[in-house]
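Basis for what follows: all heavy atoms, side chains included, without hydrogens, waters or symmetry-related copies. Everything numeric here is computed off the predicted structure, so don't read it as measured data. A, B, ... follow the sequence lines: proteins, then strands. Residue 1 opens every chain.
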4 protein chains.
Amino acid sequence: MSGTLNKVMLIGHLGDEVKMHYFEGGGCIGRFPLATNETYTNKQTNERVTNTEWHNIVVRNKAAEIFEKYVSKGDKVYIEGRIKTRKWQDENGNDRYSTEIQCTDFTFLTTKNESATGSNTQQGNQANPVGHKAEPINHKPEVDLPEDDLPF
Amino acid sequence: MSGTLNKVMLIGHLGDEVKMHYFEGGGCIGRFPLATNETYTNKQTNERVTNTEWHNIVVRNKAAEIFEKYVSKGDKVYIEGRIKTRKWQDENGNDRYSTEIQCTDFTFLTTKNESATGSNTQQGNQANPVGHKAEPINHKPEVDLPEDDLPF
Amino acid sequence: MSGTLNKVMLIGHLGDEVKMHYFEGGGCIGRFPLATNETYTNKQTNERVTNTEWHNIVVRNKAAEIFEKYVSKGDKVYIEGRIKTRKWQDENGNDRYSTEIQCTDFTFLTTKNESATGSNTQQGNQANPVGHKAEPINHKPEVDLPEDDLPF
Amino acid sequence: MSGTLNKVMLIGHLGDEVKMHYFEGGGCIGRFPLATNETYTNKQTNERVTNTEWHNIVVRNKAAEIFEKYVSKGDKVYIEGRIKTRKWQDENGNDRYSTEIQCTDFTFLTTKNESATGSNTQQGNQANPVGHKAEPINHKPEVDLPEDDLPF
DNA sequence: TTTT
DNA sequence: TTTT
């Protein structure tokens, strides 16, 4: 089966904090909304229009923990993943669909530490305490894997 | 605003014919479902599992007409585009969301003409009559589309 | 360092067979040229022009063995990877540069077996003996992850 | 011809200023090196290794002018384009090859204006004078360019 | 050196 | 609803 491709590449800003869910087996998942923008000029009115698109990002396990640790609302990230539409039933038993981006790779383009340089450090949120160098992270699953061990 | 990226790249098979809609101003739109597959081996049972993901593809104007003319159900295509989630109200006035892929570029990887070589020509569907050379097309529709808006 | 992206996505045809090199430690590497085409119409003469671009593809270990086994000259493949420019010295001691695409993911879009369906089987080339089902392969390193198990 | 794909996506930092070349017909071209990094841990020594890859970026016409105006050495950009290897002869008449990335789309992820906030403004470089709001730009240059006509 |  |  296959010979197909399902790939998404996004650069956008987190619209909220990463929400974590932990499972019994030790796995975990992180979720957050990501905003991308599209701007154009309306030909009729000649005014500038901006549309924001919201993407539901899902990150797993180690990657989820890295997200939770290093980025927060407002940060800019590069997300690579695949589209997955889940089907569920609402309270009336109707089929509903929800489309998510399952993250397979990512790069942090800013972190709160950077944008919080100076006076912008909020009280009560010391997840990234000052002094910790939250340098941008380029997490590439490939990098860690012995690349060679593919089960084929 | 902006400094963002919203890009999707898919290789998959059309699950149905392209459905066209024509507008008064002369524009048109084509829609079709595209299937991508993901296969993996269930670690517990060691059996091969395939999941099919369905994507709602939307193509516009000249590009839509090319799709309608050259590809049909079962054909394999490369689609590049962006994710767009539309909001609508169902009959009960509840908010509903539908995620589409707005096609900005494409390449045909097969066409019915190819796969129909020989005896496989269905009756009643002569959109691509035998003898017409339906060569793969590598079209960049951005060029034509009233993306209008670019500030240059 | 980092927070960067180096990604290449190609769909093209193998210009030659996969050349394998085996290393002492047990690793191996496969190399082959991949052709992509760009066509446009010369505005002055109104004639159709095609340019072929040749890419030096490098595949490693298990992936290399899969390539050698399943595809050959003329086959169409999807290649995902990263750009790497190697520096070397020519016989005169001058610096030379050679740019390669290091493959990190791939999908076979045709295989000789497919195109050889029927009478087209060449004598003397039984790398893919008839009867062997050379199904397209969608190698995704992610495939190993328990992507399947979470209730979301 | 065709049914192929030649796509590159980079996020990296400009290694130098954009060098402009103007042609008689009114067209122009901008060139600059872009650095991407790859980091991994050496399994033997357990030390962190960083490799920098340099890409030769080529931008045309309007897009080139925007690059020259808004970004400079050190800025981070997203570049989308295609790979092109040019053949040329060195002084000894030997064939040489040079691989470039022809930019077809881009997004500025930082601009000097941003990174120069505060005291970091260098003397002698007022291309982006303070007070000018150099907001990130998301431009799709394909639309305008004759893509075909320049002798590179 | 590929492909249409 | 596709494909292998």
Examine the side chains of Thr39(B) and Thr50(B) and answer whether a donor and an acceptor come within less than 3.5 Å of each other. no
Go through the side-chain N and O atoms of Asn94(D) and Gln89(D) and say whether any donor and acceptor fall under 3.5 Å apart. no
Check: Across the strands shown, which category fits Thr36(B) at heavy-atom distances under 4.0 angstrom: base, sugar-phosphate, nothing?
Finding: nothing
**Item:** Under-4.0 Å salt bridge between Glu38(B) and Arg82(A)
**Value:** yes
Out of dT1(E), dT3(F), dT1(F), minimum distance to the side chain of Asp16(B) belongs to dT1(F)
Q. Less than 4.0 Å between a side-chain N and a carboxylate O, is that true for Glu80(B) and Lys7(B)?
A. yes
To the nearest angstrom, the CD1-C1' distance between Ile79(B) and dT3(F) comes to 15 Å
Lys76(B) NZ to dT3(F) P, in whole Å, measures 11 Å
From CG of Asp75(C) across to C1' of dT4(E) the rounded distance in Å is 15 Å
Can Trp54(C) be said to stack with the base of dT1(E), given centres closer than 5.5 angstrom and planes under 30 degrees apart? yes
- Polar pair under 3.5 Å, donor/acceptor by atom type, side chain Thr4(A), base dT3(F): no
Atom CD of Glu38(C) and atom P of dT3(E) are separated, to the nearest Å, by 20 Å
To the nearest angstrom, the NZ-C1' distance between Lys19(C) and dT1(E) comes to 10 Å
Of the listed dT3(F), dT1(E), dT2(E), the closest approach to the Ala35(C) side chain comes from dT2(E)
To the nearest angstrom, the CZ-P distance between Phe32(C) and dT3(E) comes to 14 Å
